[in-house]
Amino acid sequence: MDVSYIIDGLNDAQREAVTEQSDHLLVLAGAGSGKTRVLVHRMAWQMQVNRVPATGLLAVTFTNKAAKEMRHRIEGMMNIPSRGLWIGTFHGIAHRLLRSHWKDANLPENFQVLDSDDQLRMVKRVMREAQIDEAQFPPKQAQWWISSQKDEGLRADNIQENPGDHFTSTMVRVYRQYEKLCQQSGLVDFGELLLRSHELWLHRPELLAHYQQRFQHILVDEFQDTNTIQYAWLQVLASNRVPLTVVGDDDQSIYGWRGAKVENIQQYQRDFPNARLVKLEQNYRSTKLILKAANGVIDNNQGRLGKELWSDGVDGEPVSLYAAFNEQDEANYIADTITSWVQDGNLRAECAILYRSNAQSRVLEESLMRQGIPYRVYGGLRFYDRQEIRNALAYLRLVHYRRDDAAFERVVNLPPRGIGAKSLADLRQYAGEQSISMWESAQRMLDAGQMKGRAKTGLQKFLSIIEELSALAEHGTLHGLMQQTIDDSGLKEYHASEKGEKGQGRVENLEELVNALTTYEVEEGIDPLSEFIAQAALDAGEAQAEDHEDSVQLMTLHSAKGLEFPLVFMAGVEEGLFPHSMSLEEPGRMEEERRLAYVGITRAMKKLIITYAESRRLYGQEKFNALSRFVREIPGDCIQEVRLRNTVTRPAMVARPNESMFSQESAKQSGFSLGQRVMHPKFGEGTVMNSEGSGHHTRIQVNFDDGAKWLVLAYAPLEAC
DNA sequence: AGCAGAGTAGTTTTT
DNA sequence: CTACTCTGCT
């Protein structure tokens, strides 16, 4: 048997990870060490050498993107259709299980997936019904709380309430009512998918046994990101019957704040004591100096599993550090640098600008725009997250499944058809009393003549729209149904009449939705409508279509995980911003910030440029943040400060917080000359040692008489004297 | 139903 | 500073 195509071109550690015959294997895969490659090759190895049929493999990822990529690569490698392979996200796989075993899971056959938007609506409804003060207990917080409990594998009954803990007891009350409402409406939120399929394993041993027999190998990607319920799910499924390979990197665990438990790596080693450990430490992405910088930073974390990236590549250039005067200057410097990068014959798409929080993108965008540099911002609203799309989908959900109260509430009066808050409250009350769905409640109240006036006609209209669409769904195509939906519902017309470009864009999105459905295909025997609705709920799609233009990539450090770029900028690397002020207190959170820094640094292939601003306007206030501790953790020999156009020497940094030296009003005060005596209202007199530029961008270095040196932007209220 | 003005919060994000 | 939410008025 020729297995060379599986193991050729792998390094020793990679080959060991691919071919390891032990049932349990933990692969600690550093950034850029060929993690996905190992995962895919190991799957191929199982099929080719261990004779595992494609249907006997289960590969679990966190994002749909990762699942897609893995599927693609295995197809290319094995030259087989990937149909039989179970590759998917935790949620996708859980959903698939619940769909097959809805009865055993105590769900209606047509149960729907509730996304976080609809989840919030349901939480709000519950809180209003229970008359809980929304000012004291924000629904958002309740939603987050409930999701966290589910991530921890806890139902309302499992939560311990301490006497006097008003918060917890209120939350439990909401949780319990929310669960009841979801169950009644056949709705399952993201956390519930996992929780319930975990319970399915526990309550139906014969089902568990069936899958344990079926799966002959389980592989998990990004294992450091698993939360409690995901780990429990895996643990029960694998127990000691199914070989389980997990791949992860404790140094890249950056989602602790949403429930991910790095400790699951150690837990895995405890639960599966025979597990073999393979470390992938050779990095194929970055230069030696960049890796040294990354290692230097992450070395400051305690309790790491221990792993040091190395490369046999070139040293490369040291990391650059640019001290900007303010966030404008920072953005301009980045844009300038990109311009010369492009002038040197490189692509804009090879550059990424990474930042800690989304709010930072604005100034960067403005600079890029001013310089005419095309860019693309990642993150933001994805296609299926857009209001207009979700509204259109809510119609389809009702067509598919009348009991979907979340969908009913969402669109019963959208576009407005005279069903106001009062009528809705009546409907809800009746539904609650009779334990029936909103849909049924509407029907019965109409039949009983309990609706009148505008509400009556509006509701009748709404019900008949859904009924008519249902008739169409029986025999028509999916895109025909969608077209009919946006027309008949009045959604299209409604958005078209919205003023401004907003409405225009929404109509375009709706048309795009219809358009996307013309090519939508599903396997035979599967109901296309229900498949499509489920897919839309579980995969929100990309925020923007692939752009073909060569453009600079802007994103948060979090969303950069897994990506790589020849030239990387890390902007706003300041105490308070990165590490974020919210993470300064707890050591655990600080370590997560540090891992984020590690992720950022290891995105760079050839060149990394770190920038920070000595003065930054944030929330309308001027802040003087110190350089981030993470920069100070980079070994001195792999970092180099950028001198300002070789003319101004950056003086010793003297941080004097709370003293605003700058004000736009005095921008006219510029044109300083060497040796000129200046006066600062707070710091006294000094001498201009250097200056360049004019207006806003005049940079001057002042040696104050008290010995402090300052580098300032000359829109400071300095007065010549 | 729709708008204007007040008020307020303000990391990171996937499913 | 800004973007979003809520309230109260027409």
Side-chain angles (χ1 to χ4, degrees), chain A residues 60-67 88-96 113-120 124 134-135 138-141 144 147 150-151 188-195 197 222 225-227 229-230 253-260 327 354-363 378-382 384-385 387 413-422 454-455 458 494 497-499 534-543 555-562 572 576-584 589 592-593 595-597 599-600 616-623 664:
Chain A
V60 196
T61 63
F62 276 84
T63 63
N64 290 295
K65 200 174 151 198
T89 61
F90 274 103
H91 294 86
I93 287 161
H95 180 249
R96 186 168 173 175
V113 178
L114 198 65
D115 64 55
S116 44
D117 199 48
D118 286 330
Q119 185 186 28
L120 182 60
K124 274 187 184 159
E134 292 185 21
K140 271 246 171 67
Q141 194 183 8
W144 187 85
S147 295
K150 291 194 176 190
D151 284 350
V188 168
D189 64 37
F190 290 125
E192 186 73 23
L193 285 168
L194 292 159
L195 196 49
S197 57
E222 304 280 15
D225 289 338
T226 48
N227 62 30
I229 187 68
Q230 286 162 340
S253 161
I254 56 175
Y255 288 113
W257 53 274
R258 64 175 198 210
E327 74 280 1
L354 311 182
Y355 36 80
R356 176 66 234 267
S357 64
N358 288 307
Q360 285 170 258
S361 79
R362 188 121 147 217
V363 190
Y378 279 76
L381 269 195
R382 272 102 36 90
Y384 287 112
D385 279 339
Q387 293 298 315
N413 197 33
L414 208 127
R417 40 175 82 89
I419 303 153
K422 178 70 174 63
R454 228 180 259 214
Y494 174 67
S497 68
E498 274 180 318
K499 54 182 187 236
Q535 192 218 289
L538 290 168
D539 182 0
E542 288 285 305
M555 66 191 85
T556 62
L557 286 150
H558 281 90
S559 29
K561 195 172 117 189
L577 241 185
F578 185 34
H580 196 274
S581 52
M582 307 292 277
S583 306
L584 296 177
R589 309 203 96 196
E592 185 155 308
E593 294 281 307
R595 292 193 289 268
L596 194 54
V599 166
R616 180 179 296 276
R617 227 187 163 75
L618 198 63
Y619 304 140
Q621 283 211 311
E622 201 138 37
K623 298 261 197 237
Q664 295 282 349

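Chain A is the first sequence line, chain B the second, and so forth, proteins listed ahead of strands; every chain is numbered from 1. No experiment lies behind these values; they were computed from the predicted model shown.
A:Tyr378 has its OH atom 12 Å from the P atom of B:dT14, to the nearest Å. As rounded to whole Å, 12 Å separates atom C1' of B:dG10 from atom NZ of A:Lys140. In this structure, A:Gln141 atom CD and B:dA9 atom P are separated by 12 Å, rounded to whole Å. With rounding to whole Å, A:Ile229 atom CD1 is found 17 Å from B:dT14 atom C1'. The distance from atom CD of A:Gln230 to atom C1' of B:dT15 is 9 Å, rounded to the nearest whole Å. Summarising the geometry, the separation between CD on A:Gln535 and C1' on B:dT15 is reported as 13 Å, rounded to the nearest angstrom. One interatomic measurement links the two molecules: CD of A:Gln621 to C1' of B:dG10, which rounds to 13 Å at whole-angstrom precision.
Between A:Asn413 and A:Arg417, the shortest heavy-atom distance links the atoms OD1-N, 2.6 Å.
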Practice task
Report the C-alpha distance between A:Leu538 and A:Thr89 in whole Å, list the side-chain angles of each, state the deciding distance to 0.1 Å, and finish with yes or no for side-chain contact (heavy atoms from CB on, under 4.5 Å).
Solution key: CA-CA 9 Å; A:Leu538 290 168; A:Thr89 61; over 6 Å; no
Exercise for the section: Decide side-chain contact (heavy atoms from CB on, under 4.5 Å) for A:Gln141 and A:Glu134; before the verdict, give the C-alpha distance in whole Å, the side-chain angles of both, and the deciding distance to 0.1 Å. Expected result: CA-CA 10 Å; A:Gln141 194 183 8; A:Glu134 292 185 21; over 6 Å; no
Exercise for the section: Before giving the answer on side-chain contact (heavy atoms from CB on, under 4.5 Å), spell out for A:Ser357 and A:Gln360 the whole-Å C-alpha distance, their side-chain angles and the decisive distance to 0.1 Å. Expected result: CA-CA 6 Å; A:Ser357 64; A:Gln360 285 170 258; 3.5 Å; yes
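Distance CG/A:Asp225 to CZ/A:Arg258: 6.5 Å, rounded to 0.5 Å.
The closest side-chain heavy-atom distance from A:Leu596 to A:His580 is not below 4.5 Å.
Side-chain N or O atoms of A:Arg356 include none that pairs as donor or acceptor with a backbone N or O of A:Leu577 at under 3.5 Å. Using a distance-only test at 3.5 Å, with no hydrogens or angles considered, a donor-acceptor pair links the side chain of A:Glu327 to the main chain of A:Arg617.
For the ring pair (Phe, Tyr, Trp, His ring centres under 6.0 Å) criterion with A:His558, the lone passing option out of A:Phe578, A:Tyr255, A:Tyr355 is A:Tyr255.
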Detail all sub-3.5 Å separations between protein N/O atoms and N/O atoms belonging to nucleotides 11-13 of chain B.
unit_1 : atom_1 : unit_2   : atom_2 : d
B:dT11 : OP1    : A:Tyr619 : OH     : 3.0
B:dT11 : O4'    : A:His580 : NE2    : 3.2
B:dT11 : O2     : A:Arg356 : NH1    : 2.9
B:dT11 : O2     : A:Arg356 : NH2    : 2.4
B:dT11 : O4     : A:Arg589 : NH1    : 2.8
B:dT11 : O4     : A:Arg589 : NH2    : 3.3
B:dT12 : OP1    : A:Asn358 : N      : 2.7
B:dT12 : OP1    : A:Asn358 : ND2    : 3.1
B:dT12 : O4'    : A:Arg356 : NH2    : 3.1
B:dT12 : O2     : A:Trp257 : NE1    : 3.4
B:dT12 : O2     : A:Arg356 : NH2    : 2.5
B:dT13 : OP1    : A:Thr556 : OG1    : 2.6
B:dT13 : OP2    : A:Asn358 : ND2    : 3.3
B:dT13 : O4'    : A:Arg258 : NH1    : 3.3
B:dT13 : O2     : A:Arg258 : NH1    : 3.3

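Within the nucleic acid shown, A:Gly418 comes within 4.0 Å of sugar-phosphate atoms alone, with no base atom in reach, counting heavy atoms only. At a threshold of 4.0 angstrom between heavy atoms, the contacts of A:Asn413 are confined to the sugar-phosphate backbone, with no base atom among them. Within the nucleic acid shown, A:Asp539 has no heavy atom closer than 4.0 Å to any nucleic acid atom.
Nucleotides of DNA chain C that come within less than 4.0 Å of any heavy atom of chain A span, from the 5' end to the 3' end, C:dC1 to C:dA3.
Between the P atoms of B:dT11 and C:dC4, the separation comes to 13 Å (whole Å). Atom name C1', nucleotides C:dT5 and B:dT12: the rounded distance is 23 Å, in whole Å.
Side-chain N/O atoms of A:Arg382 include one lying less than 4.0 angstrom from OP1 or OP2 on B:dT15.
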